[in-house]
Participant: 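Let me begin by handing over the structure; questions about it come next.
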Amino acid sequence: YGPCAFMDTYDPATVFSSIDREGRYAYGNQPGIAEWNLARLAETLLPLFDEDSEKAIDIAQQTLSGFAKLYHGHWLTGMRRKLGLFNEEEQDIKLVKD
């Protein structure tokens with residue numbers, strides 16, 4: 001049903017939309033696209049952040065600048081749970097990617 005599906009074999013380049021010929025919304029691109037979408041949302045909210053447009057832009061940029069790190073941390077925590085890893089080890093990211 002709908003545009004979603006399950007991957008039979010993990011491949012971050014998997015695209016589920018027939019109209020996404022460039023792979024913009026490929027599974028592996030989701031974090032970047034989420035950040036892009038949040039930036040577009042922030043653009044619409046700028047007048048609510050501050051009356052001074054430069055200050056408003058600065059507030060939005062500062063807030064969004066932490067997104068990638070925050071996303072990665074939550075993603076890695078979820079992957080550790082999926083793999084049954086109970087301790088946080090430096091090499092966990094390599095294990096997850098492999």
Side-chain angles (χ1 to χ4, degrees):
Y1 174 77
C4 299
F6 292 97
M7 279 188 261
D8 293 327
T9 305
Y10 175 75
D11 178 3
T14 298
V15 176
F16 294 110
S17 174
S18 61
I19 63 171
D20 185 8
R21 291 179 170 56
E22 306 299 316
R24 176 181 173 91
Y25 295 99
Y27 181 80
N29 292 338
Q30 290 302 299
I33 292 302
E35 187 172 10
W36 184 88
N37 286 332
L38 288 171
R40 302 298 71 79
L41 175 62
E43 288 173 355
T44 68
L45 300 174
L46 288 176
L48 301 175
F49 296 158
D50 199 289
E51 290 180 8
D52 181 320
S53 62
E54 287 185 29
K55 286 183 184 178
I57 291 169
D58 189 48
I59 291 167
Q61 288 176 333
Q62 285 183 28
T63 303
L64 290 171
S65 69
F67 176 79
K69 184 176 180 179
L70 186 63
Y71 180 94
H72 178 75
H74 285 285
W75 174 82
L76 187 54
T77 296
M79 294 306 285
R80 284 181 175 124
R81 267 193 236 123
K82 284 183 180 192
L83 295 173
L85 303 176
F86 300 105
N87 299 318
E88 293 184 13
E89 304 291 337
E90 195 172 314
Q91 66 272 14
D92 289 350
I93 189 68
K94 182 179 178 342
L95 178 65
V96 168
K97 287 183 177 185
D98 285 348

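Atoms considered below: every heavy atom in the structure, side chains included; atoms not considered: hydrogens, waters and symmetry mates. Quick note: residue numbers are just sequence positions, from 1.
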Participant: Please assess Tyr25 against Asn29 for the test side-chain contact (heavy atoms from CB on, under 4.5 Å), listing each intermediate value before the final yes or no.
Facilitator: CA-CA 6 Å; Tyr25 295 99; Asn29 292 338; over 6 Å; no
Participant: Count the heavy atoms of every other residue, nucleotide or ligand shown that sit under 6.0 Å from CD of Glu89, and state whether that count exceeds 12.
Facilitator: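 Yes - once you tally the heavy atoms of other residues, nucleotides and ligands closer than 6.0 Å, there are more than 12.
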Participant: Atom CD1 of residue position Ile19 - does it have more than 12 heavy atoms of other residues, nucleotides or ligands inside 6.0 Å?
Facilitator: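 Result for CD1/Ile19: open.
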Participant: Is the number of heavy atoms from other residues, nucleotides or ligands under 6.0 Å of Glu22 CD greater than 12?
Facilitator: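 At most 12 heavy atoms, drawn from other residues, nucleotides or ligands, come within 6.0 Å of this atom.
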Participant: Is there a side-chain contact (heavy atoms from CB on, under 4.5 Å) between Leu95 and Asp98 once you walk through the steps?
Facilitator: CA-CA 5 Å; Leu95 178 65; Asp98 285 348; 5.7 Å; no
Participant: Answer yes or no: is there a side-chain heavy-atom contact under 4.5 Å between Met7 and Tyr27?
Facilitator: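 Yes, side chains in contact.
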Participant: Within a 6.0 Å radius of atom CZ on Phe86, are there more than 12 heavy atoms belonging to other residues, nucleotides or ligands?
Facilitator: no
Participant: Under the side-chain contact (heavy atoms from CB on, under 4.5 Å) rule, what do Glu54 and Asp58 come out as? Steps first, then yes or no, please.
Facilitator: CA-CA 6 Å; Glu54 287 185 29; Asp58 189 48; over 6 Å; no
Participant: Surrounding CZ of Arg40 (heavy atoms of other residues, nucleotides or ligands, distance under 6.0 Å), is the total greater than 12?
Facilitator: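 Enclosed: over 12 neighbouring heavy atoms sit under 6.0 Å from CZ of Arg40.
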Participant: Measure across Val96 and Met79 and return the closest heavy-atom pair with its distance rounded to 0.1 Å.
Facilitator: CG1-CE, 3.7 Å
Participant: Closest heavy-atom contact between Ala56 and Asp50?
Facilitator: CB-O, 3.7 Å
Participant: Quick check: closest heavy atoms across Phe67 and Pro31, and the distance to 0.1 Å?
Facilitator: CE2-O, 3.5 Å
Participant: Return the minimal non-hydrogen interatomic distance between Ala42 and Ala60, and the atom names on each side.
Facilitator: CB-CB, 4.1 Å
Participant: Where is the tightest heavy-atom contact between Ile93 and Trp75, given as atom of each residue plus distance?
Facilitator: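 That closest heavy-atom pairing would be CD1-CZ3, 3.4 Å.
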Participant: Among Leu83, Asn87, Leu85, which residue meets the side-chain contact (heavy atoms from CB on, under 4.5 Å) test with Asp92?
Facilitator: Leu85
